[in-house]
Novice: 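Provided herewith is a single structure, encoded as C-alpha cells, for subsequent inquiry.
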Amino acid sequence: MEIRHEDRGRGGLFAAGEGDDRAELTYSPAGIQNSLVFDHTYVPEHLRGQGIAEKLVDHAVAYAREQGMSVVPACSYVRSLFQRHPERYGDVATREDKPFGRI
C-alpha cells in the first residue's frame, strides 16, 4: 500500500487509496511548540480491519520524528493506539490529548 503525504501549508494529511477506497489521517500544527495535532483518521467501512489506519499513524509518526516534532493525539483512534503501544509511540506523544491553543 502506497501512503502519500499531502502538505497543505497549515497542516496536511497522509492518504492511501483513491476515491471510495481513500483512507486518511489529517494533522495540523499545535499551539505547543514543535507539535502536530493528529486530529482525524478515516478508513472506508469496506476496508476496515486490515490495519490501514495503523499504517497511516506509523507513517505520520515517522514524519513527526523526522521533523523533530511531538504529537498531540487528539483523534480517539490515535490516542487509543498510543495508549496501547507506549513502546512504539511514547517518544513522540505529548501529555496533551486535546489541542488547545492551536496556531
Novice: Residues in salt bridge (charged side-chain N to carboxylate O under 4.0 Å, His left out) with R48, at least two apart?
Specialist: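 Partners of R48 by the salt bridge (charged side-chain N to carboxylate O under 4.0 Å, His left out) criterion come out as none, since no residue qualifies.
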Novice: D91: what forms a side-chain hydrogen bond (donor to acceptor under 3.5 Å, both in side chains) with it, not counting sequence neighbours?
Specialist: R65
Novice: Measuring from L13:CG to E24:CD, what's the distance to the nearest 0.5 Å?
Specialist: 5.0 Å
Novice: In chain order, what residues pass the side-chain hydrogen bond (donor to acceptor under 3.5 Å, both in side chains) check against T41, with sequence neighbours excluded?
Specialist: none
Novice: For R10 and P29, which heavy atoms make the closest approach, and how far apart are they?
Specialist: O-CD, 3.4 Å
Novice: Minimum heavy-atom separation for A30 and V72, please, with both atom names.
Specialist: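 Nearest pair, atom of A30 first, then V72: CB-CG2, 4.1 Å.
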Novice: State which residues pass salt bridge (charged side-chain N to carboxylate O under 4.0 Å, His left out) with E87; sequence neighbours excluded, sorted by chain then number.
Specialist: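 Salt bridge (charged side-chain N to carboxylate O under 4.0 Å, His left out) check on E87 returns nothing, list empty.
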Novice: For H40, what residues pass the side-chain contact (heavy atoms from CB on, under 4.5 Å) criterion, not counting sequence neighbours?
Specialist: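 For H40, the residues satisfying side-chain contact (heavy atoms from CB on, under 4.5 Å) (neighbours in sequence not counted) are T26, Y42.
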Novice: Using the test side-chain contact (heavy atoms from CB on, under 4.5 Å), find all partners of N34 that sit at least two apart in sequence or belong to another chain.
Specialist: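 In terms of side-chain contact (heavy atoms from CB on, under 4.5 Å), with neighbours along the sequence ignored, N34 is linked to no residue.
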Novice: List for me each residue that meets ring pair (Phe, Tyr, Trp, His ring centres under 6.0 Å) alongside H85, sequence neighbours excluded, and say none if there are none.
Specialist: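 In terms of ring pair (Phe, Tyr, Trp, His ring centres under 6.0 Å), with neighbours along the sequence ignored, H85 is linked to no residue.
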Novice: What about L81 and I52, same hydrophobic cluster or not, with Ile/Leu/Val/Met/Phe/Trp/Tyr joined at side-chain heavy-atom distances under 4.5 Å?
Specialist: yes
Novice: S76: what forms a side-chain hydrogen bond (donor to acceptor under 3.5 Å, both in side chains) with it, not counting sequence neighbours?
Specialist: none
Novice: Just how far is it from atom OH of Y27 to atom CG of L56, taken to the nearest 0.5 Å?
Specialist: 13.0 Å
Novice: With sequence neighbours left out, write down each residue that passes salt bridge (charged side-chain N to carboxylate O under 4.0 Å, His left out) with R8, or none if nothing qualifies.
Specialist: E6
Novice: Using 0.5 Å steps for rounding, measure from the CG atom of L25 to the OH atom of Y63.
Specialist: 12.5 Å
Novice: Is it true that, when you exclude D20 itself, more than 12 heavy atoms of the residues, nucleotides or ligands shown sit nearer than 6.0 Å to its CG?
Specialist: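 No, because the 6.0 Å sphere around CG of D20 holds 12 heavy atoms or fewer from other groups.
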Novice: Listed by chain and number, what are the ring pair (Phe, Tyr, Trp, His ring centres under 6.0 Å) partners of F82, not counting sequence neighbours?
Specialist: Y89
Novice: Ignoring hydrogens and angles, tell me if any N or O in the side chain of R22 forms a donor-acceptor pair with the backbone of G17 under 3.5 Å.
Specialist: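 The answer is no, because no donor-acceptor pair under 3.5 Å joins these two groups.
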Novice: Salt bridge (Lys or Arg N to Asp or Glu O under 4.0 Å) for R84 and E54? Distances and angles first, verdict last.
Specialist: CA-CA 12 Å; R84 285 194 320 263; E54 189 169 346; 5.3 Å; no
Novice: Look up atom NE2 in H59 and atom CZ in R4, then write down how far apart they are to the nearest 0.5 Å.
Specialist: 11.0 Å
Novice: My understanding is that only residues two or more places apart in sequence, or in another chain, count here; which of them pass side-chain contact (heavy atoms from CB on, under 4.5 Å) with S70?
Specialist: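 With neighbours one apart ignored, the set is S35, T94.
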Novice: Considering residues at least two apart in sequence or located in another chain, which fulfil the side-chain hydrogen bond (donor to acceptor under 3.5 Å, both in side chains) criterion with Q50?
Specialist: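 Counting only residues at least two positions away or on another chain, Q50 forms no side-chain hydrogen bond (donor to acceptor under 3.5 Å, both in side chains).
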